[in-house]
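Worksheet for the structure shown next.
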There are 2 protein chains.
Amino acid sequence: MTPQRQAILEYLVTEHSHPTADDIYKALSARFPNMSVATVYNNLRVFKEVGLVQEMNYGDASSRFDFVTSRHYHIICDACGKVVDFNYPVLDEIESVASQLTGFKVDRHRLEVYGTCPACQTEQAHKH
Amino acid sequence: MTPQRQAILEYLVTEHSHPTADDIYKALSARFPNMSVATVYNNLRVFKEVGLVQEMNYGDASSRFDFVTSRHYHIICDACGKVVDFNYPVLDEIESVASQLTGFKVDRHRLEVYGTCPACQTEQAHKH
DNA sequence: TTCTTACATAGTAATCTTTATAAATAGTGT
DNA sequence: ACACTATTTATAAAGATTACTATGTAAGAA
């Protein structure tokens, strides 16, 4: 557990945003001026393997990383890319249905809702 | 509607796979030796805008494209990347719940199940 | 302490997918 | 034939992520 590794994990735990690798890199470069981007990626991969962190890919943009606390889903703003958590009963049923229909051994599922966040809604309304 | 455009659309309609842009490019390069990769991307974007085709991003790999017939969900094999359709009643409820909880104006959602396809299951069993 | 081993990091090059750009081409209507 | 528009080709460029190599650093054994 190096200082860099600790700082990256700490950032993910304390910040409740869903940062990209570059977000983390920029945020920590003040404290670690010599830190490499590769270090951020390396550690994120380690965290992911251990199950501490979840990687989320949205289209062409950068991956975002989320410290795993409890099961929750994400809603993403199409305009600004902001990610917000929301709670919803976990959809276990769909996994068993999918397994029966396809013969797959199911491991997990991924559900995301897309739309426009309140801030971007008002901004778009003012433009009309 | 150029020959290239028609061929790309035809490929998406007839092949029931979920090809990447490169899959399409390779598959059609025999018939169109001079076709550019950009043409594939251009046309896929056009089809997407019109709503004929859906783009799907899975992690770091290339996007996959699916000709839109009816509403269905996808299950993806972690081992070989194969994508299979399965039918499940559309989850409209989660959209309204998410909207109420977060204040977002909801546009759509995305649900995918991940696991291991039958072929890869047997292959993994034989390796033990 | 000193040597060894293993692993983390920094720095940079390379890869891969996708987009942007500019020139060439073809089709349509006048 | 001419002008207009959209499409294609070819290539450069962008952006995110990974690969690679050398350096550093901590822990353990002799």
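Letters A, B, ... are given to chains in the order of the sequence lines, protein chains preceding strands, and every chain is numbered from 1. Just so it is clear, the model here is predicted, and its values are computed rather than measured.
In this structure, A/T20 does not reach the D/dA16 phosphate: none of its side-chain N or O atoms is under 4.0 Å from OP1 or OP2. In this structure, B/S63 does not reach the C/dT17 phosphate: none of its side-chain N or O atoms is under 4.0 Å from OP1 or OP2. The shortest distance between the side-chain N/O atoms of A/Y41 and the OP1/OP2 oxygens of D/dT18 is not below 4.0 Å.
A donor-acceptor pair shorter than 3.5 Å cannot be found between the side chains of A/Y114 and B/E95.
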Contact letters for nucleotides 7-13 of chain D, in which S counts primed atoms plus P, OP1 and OP2 and B counts the base, heavy atoms under 4.0 Å: SBBB---

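Counting only distance, with no hydrogens or angles, the side chain of A/Q121 and the backbone of A/T116 share a donor-acceptor pair below 3.5 Å. Between the side chain of B/T14 and the backbone N or O of B/E10 there is at least one donor-acceptor pair closer than 3.5 Å. The closest donor-acceptor contact from the side chain of B/T39 to the backbone of B/M35 lies at 3.5 Å or more, if one exists at all.
Taking hydrophobic clusters as Ile, Leu, Val, Met, Phe, Trp and Tyr residues chained together by side-chain heavy-atom distances below 4.5 Å, A/V83 does not share a cluster with B/V106.
Computed from coordinates, the A/Y25 OH to C/dT12 P distance equals 10 Å when rounded to whole Å. The separation between A/I24 atom CD1 and C/dT9 atom P is 13 Å, rounded to whole Å. The CG atom of A/N57 sits 18 Å away from the P atom of D/dG15 (whole-angstrom rounding). Here the P atom of nucleotide D/dT17 and the CG atom of A/D22 are 9 Å apart, to the nearest Å. Counting to the nearest Å, the C1' atom of D/dA6 and the CZ atom of B/R45 are 12 Å from each other. As a whole-Å value, the separation of A/M1 CE from D/dA27 C1' is 17 Å. The distance between atom CG of B/L44 and atom P of C/dT17, rounded to the nearest whole Å, is 14 Å. The separation between B/F65 atom CZ and C/dT17 atom P is 12 Å, rounded to whole Å.
A/H109 meets the ring-ring contact (aromatic ring centres under 6.0 Å, His included) test with A/Y73; sequence neighbours excluded. For B/D78, the salt bridge (charged side-chain N to carboxylate O under 4.0 Å, His left out) partners two or more places apart in sequence, or in a different chain, are A/R108.
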